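Structure record follows, encoded as structure tokens.
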Amino acid sequence: MMTDDIEVNEDADAAAWAAGTVAKPTAWEAIKNFAGTFDGQGYTISGLYVYSKGAGLFSYLDAATIENLKVTNSYYRAYSATEGTGVIVNQGNGTFRNIYTNAIISGEKNAVGGIVGIANDTVTVSNCWTANEITTNKNYVGGVLGNIKTTGITITIEHCLNTGNITYTGTGKNYIGGFVGRANIGSPTGGLLT
């Protein structure tokens with residue numbers, strides 16, 4: 001549970017980090033294998049410089065709840081083709097509610113989401129607002145969720161708003177959406193996207 005705002009790097013400038021015009025700080029080490037409840041209580045985490053195999057505030061979530069949180073003025077970039085990039089989590093499942101994200105994301109690998117990079121089990125996102133700037137030349141990019149990887153699961157996105165921009169610089173096949181990039185839910189009996 002957060003009890004105050006957290007500025008990870010003082011005087012952070014996510015736009016300058018993305019442009020490479022200032023020295024990059026030490027990269028954030030994502031919180032790994034989290035399965036509890038993280039309540040931001042309406043506070044803000046800012047100044048994250050995330051450059052990792054799977055880029056996110058959290059690395060992997062297992063039926064976790066992340067709520068009442070803002071993430072702003074932060075920069076994300078992943079260097080693994082098998083891991084996702086998400087402002088909150090690169091890969092996992094759980095419940096996300098009352099979240100605001102405003103970050104810059106360089107999508108050099110597949111599966112980029114404003115909240116979740118890769119959903120590998122049931123995910124519920126509600127009352128969230130994403131306002132990220134995403135630039136990518138890869139596939140599976142969504143304003144809220146990048147890639148629904150597994151068939152036979154339920155994904156619920158309700159009462160959410162995406163006002164961010166997604167700029168695609170690649171060529172050929174791509175899966176890009178305002179809310180979800182790719183929904184690999186199989187046949188009508190294999191999953192549900194509501």
Side-chain angles (χ1 to χ4, degrees), residues 8-9 12 14-21 24-34 45 47-62 64 66 71-94 96 99 101-121 123 125 128 130-151 153 155 157 162 164-185 193:
V8 177
N9 288 289
W17 290 338
T21 56
K24 295 176 175 66
T26 301
W28 167 257
E29 186 172 339
I31 301 166
K32 295 179 173 62
N33 302 322
F34 185 75
I45 296 175
L48 287 166
Y49 178 78
V50 185
Y51 178 61
S52 60
K53 184 176 179 181
L57 174 64
F58 293 87
S59 175
Y60 182 82
L61 297 177
D62 185 9
I66 312 298
V71 178
T72 64
N73 190 28
S74 296
Y75 176 68
Y76 289 71
R77 179 179 166 201
Y79 57 75
S80 170
T82 60
E83 299 286 340
T85 303
V87 175
I88 303 301
V89 62
N90 83 75
Q91 185 170 176
N93 60 88
F96 305 85
I99 293 173
T101 62
N102 186 348
I104 296 174
I105 304 169
S106 176
E108 297 179 11
K109 300 298 179 184
N110 290 337
V112 177
I115 292 179
V116 180
I118 299 172
N120 57 13
D121 208 329
V123 167
V125 184
C128 293
T130 56
N132 305 294
E133 293 293 325
I134 301 172
T135 302
T136 183
N137 60 359
K138 298 298 182 181
N139 299 320
Y140 319 148
V141 182
V144 174
L145 198 159
N147 184 19
I148 302 170
K149 185 176 181 180
T150 308
T151 61
I153 63 175
I155 304 296
I157 299 174
N162 173 31
N165 294 312
I166 300 173
T167 302
Y168 180 69
T169 60
T171 59
K173 185 173 79 169
N174 58 77
Y175 300 85
I176 296 173
F179 286 96
V180 176
R182 176 178 180 248
N184 183 27
I185 58 176
L193 179 64

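Keep in mind it's a predicted model, so treat the numbers as computed, not measured. Sequential numbering from 1 along the given sequence is applied to the chain's residues.
Summarising the geometry of Tyr76 relative to Gly86, their closest heavy-atom pair is CE2-O, 3.7 Å, with the distance given to 0.1 Å. Residue Gly54 comes nearest to Glu83 through the heavy atom pair CA-CB, 3.5 Å, listed as atom of the first residue, atom of the second, then distance. The minimum heavy-atom distance linking Ile166 with Gly142 is given by the pair CD1-C, 4.2 Å. In plain terms, the two heavy atoms of Val125 and Ile115 that are nearest each other are CG1-CD1, 3.9 Å. Among all heavy-atom pairs drawn from Asn110 and Asn139, the shortest one is OD1-N, 2.9 Å. Closest of all the heavy-atom pairs between Glu133 and Asn165 is OE2-ND2, 3.0 Å.
For the atom pair OG1 (Thr136) and CD1 (Ile176), the distance works out to 6.5 Å, reported to the nearest 0.5 Å. To the nearest 0.5 Å, atom OG1 of residue Thr85 and atom OH of residue Tyr51 are 11.0 Å apart. To the nearest 0.5 Å, atom NZ of residue Lys109 and atom CG of residue Asn137 are 9.0 Å apart. Taking CD1 from Ile104 and OH from Tyr75, the interatomic distance works out to 8.5 Å, rounded to the nearest 0.5 Å. In this structure, OG1 in Thr167 is found 9.0 Å from CD1 in Ile134, a value given to the nearest 0.5 Å. Note that CD1 of Ile105 and OG of Ser74 are 10.0 Å apart. Values are rounded to the nearest 0.5 Å.
Looking only at side-chain heavy atoms (C-beta outward), Trp28 and Ile45 stay at 4.5 Å or farther from each other. For the pair Tyr60 and Asn120, the minimum side-chain heavy-atom distance is below 4.5 Å. Contact check for Phe96 versus Leu145: no side-chain heavy atoms found under the 4.5 Å cut-off. Between Ile157 and Val180 the shortest side-chain heavy-atom distance falls below 4.5 Å.
Only one option out of Asn132, Thr72, Thr130 pairs with Thr101 in a side chain to side chain donor-acceptor pair (under 3.5 Å); it is Asn132. When each of Ile66, Val116, Asn33, Val87 is paired with Phe58, the side chain to side chain contact (heavy atoms under 4.5 Å, CB included) condition holds for Ile66 and for no other.
In this structure, the side chain of Asn9 engages the main chain of Gly47 through a donor-acceptor pair within 3.5 Å. Looking at Asn162, its side chain never comes within 3.5 Å of a backbone N or O of Val144 through a donor-acceptor pair. Judged by distance alone, with hydrogens and angles left aside, the side-chain atoms of Asn90 form a donor-acceptor pair with the main-chain N or O of Ser59 at under 3.5 Å.
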